[in-house]
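Computed from a predicted structure; not experimentally measured. In what follows, every heavy atom counts, from backbone to side chain, and hydrogens, waters and symmetry copies are set aside.
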Amino acid sequence: MEGFLDQLGGYAPLVVNVVKALVVLIVGWLVAGLTGSFVRRQVRKHQRIDQTLGNFAATIATWAIRIIVLLAVLNLFGIEATSVVAVLGAATLAIGLALQGTLADLAAGIMLVIFRPYKLGQYVDIGGTSGTVSEVALFFTELTTPQNVQIIVPNGQAWGSIITNYSAHDTRRLDLTFGIDYSDSADTAMQIILDNARSDERVMGEPEPWARVTNLGASSVDITARLWTSTDDFWNVKFELTKAIKEDFDAQGISIPFPHQVNVEPKKAG
């Protein structure tokens with residue numbers, strides 16, 4: 001019995017270290033999470049600091065603390081940080097080859113934060129994938145589509161693709177095209193379009209709204225209107241102005257023709 005107790009007592013230091021390691025891990029992870037949240041809150045208080053940069057800094061701070069916690073846990077078991085660094089240094093080539101895609105995403109994430117081709121809340125197209133930027137993390141960019149679908153784009157792919165940022169500027173040009181019947185007056189139709197555009201307070205007076213005949217189609221005369229509005233009002237202006245112009249066309253006898261198709265059947269012999 002005494003031998004068993006002596007043997008059990010020999011494991012006491014290990015048990016103590018395991019308990020200490022668990023405590024350090026739990027407390028360290030909590031501190032890391034609280035630190036990340038604190039950084040995000042501080043960034044939100046300062047309008048001059050980009051939210052994208054703030055989230056990135058919060059992520060880095062969180063993982064920096066977690067790495068320190070892991071090194072402290074290893075130290076409890078007699079593994080020195082210098083030894084870990086030496087091992088990692090010797091395995092750098094193997095790790096780099098195995099994680100080259102991940103490291104490329106990390107490097108691209110840093111470039112995205114430095115040059116900021118897009119920010120949180122902006123609507124972008126990244127290599128054919130569109131959505132509102134909801135997060136720029138260390139390794140990926142998260143987009144949310146108008147249908148509330150989450151899309152994860154690796155930062156390496158984002159940085160290497162063509163990026164179209166629809167929200168980069170405060171104003172956007174809106175192009176509207178209407179097809180009217182050949183028998184209707186193009187001047188009357190253009191005046192209706194311009195009157196509606198000028199009466200809408202969301203449409204900018206400078207540059208001045210513009211309307212011209214831009215194409216003679218197979219079944220319609222196409223009139224294009226170009227006007228400027230704020231980026232935030234772009235879609236509402238597009239939908240509401242299209243409806244208002246259609247109603248005024250109806251009221252003033254301007255028709256929007258349907259495409260015509262003529263089927264010619266060959267005559268039967270005999």
Side-chain angles (χ1 to χ4, degrees), residues 1-114 116 119-121 133-144 150-159:
M1 184 66 178
E2 291 181 359
F4 174 74
L5 292 176
D6 291 339
Q7 185 178 6
L8 185 62
Y11 291 103
L14 178 61
V15 173
V16 172
N17 286 337
V18 170
V19 173
K20 288 181 179 179
L22 289 175
V23 172
V24 171
L25 277 175
I26 294 172
V27 174
W29 241 247
L30 288 174
V31 171
L34 291 174
T35 301
S37 300
F38 174 78
V39 172
R40 287 188 178 90
R41 287 198 302 270
Q42 293 303 311
V43 169
R44 293 192 184 105
K45 293 179 181 179
H46 297 82
Q47 298 297 327
R48 294 183 179 180
I49 302 178
D50 187 357
Q51 298 296 318
T52 305
L53 182 60
N55 284 351
F56 199 82
T59 302
I60 292 177
T62 300
W63 278 103
I65 294 176
R66 288 176 178 175
I67 291 173
I68 294 172
V69 169
L70 291 174
L71 291 176
V73 169
L74 292 175
N75 190 57
L76 288 173
F77 293 98
I79 303 174
E80 298 293 337
T82 53
S83 301
V84 176
V85 172
V87 172
L88 290 178
T92 298
L93 180 59
I95 294 174
L97 291 174
L99 301 177
Q100 56 182 342
T102 303
L103 294 176
D105 289 337
L106 175 60
I110 295 173
M111 298 298 286
L112 289 171
V113 170
I114 293 175
R116 292 185 292 179
K119 304 176 184 177
L120 295 181
V133 180
S134 53
E135 183 177 359
V136 181
L138 287 174
F139 302 102
F140 64 87
T141 294
E142 179 182 332
L143 303 179
T144 302
Q150 180 191 56
I151 298 177
I152 303 297
V153 182
N155 283 336
Q157 179 178 333
W159 182 248

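- Listed by chain and residue number, T129, L143, T145, V153 satisfy the side-chain contact (heavy atoms from CB on, under 4.5 Å) test with I151 (two or more places apart in sequence, or in another chain).
- No donor-acceptor pair closer than 3.5 Å links the side chain of N155 to the backbone N or O of A107.
- In this structure L25 satisfies the side-chain contact (heavy atoms from CB on, under 4.5 Å) test together with W29, V69, L70, V73, sequence neighbours excluded.
- Under the side chain to side chain donor-acceptor pair (under 3.5 Å) criterion, E142 pairs with S134, Q150, sequence neighbours left out.
- For the atom pair OG1 (T141) and CH2 (W159), the distance works out to 11.0 Å, reported to the nearest 0.5 Å.
- Judged by distance alone, the side chain of D105 and the main-chain N or O of P154 form no donor-acceptor pair under 3.5 Å.
- Expressed to the nearest 0.5 Å, how far CD1 of I65 lies from CG of L30 amounts to 11.5 Å.
- Taken to the nearest 0.5 Å, the CG atom of L106 stands 4.5 Å off from the CD1 atom of I110.
- With sequence neighbours left out, the side-chain contact (heavy atoms from CB on, under 4.5 Å) criterion links A137 to E135, F140.
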For residues 31-38, which side-chain N or O atoms pair as donor and acceptor with protein atoms under 3.5 Å away, sequence neighbours left out?
residue : atom : partner : partner atom : Å
T35     : OG1  : V31     : O            : 2.7
S37     : OG   : G33     : O            : 3.1

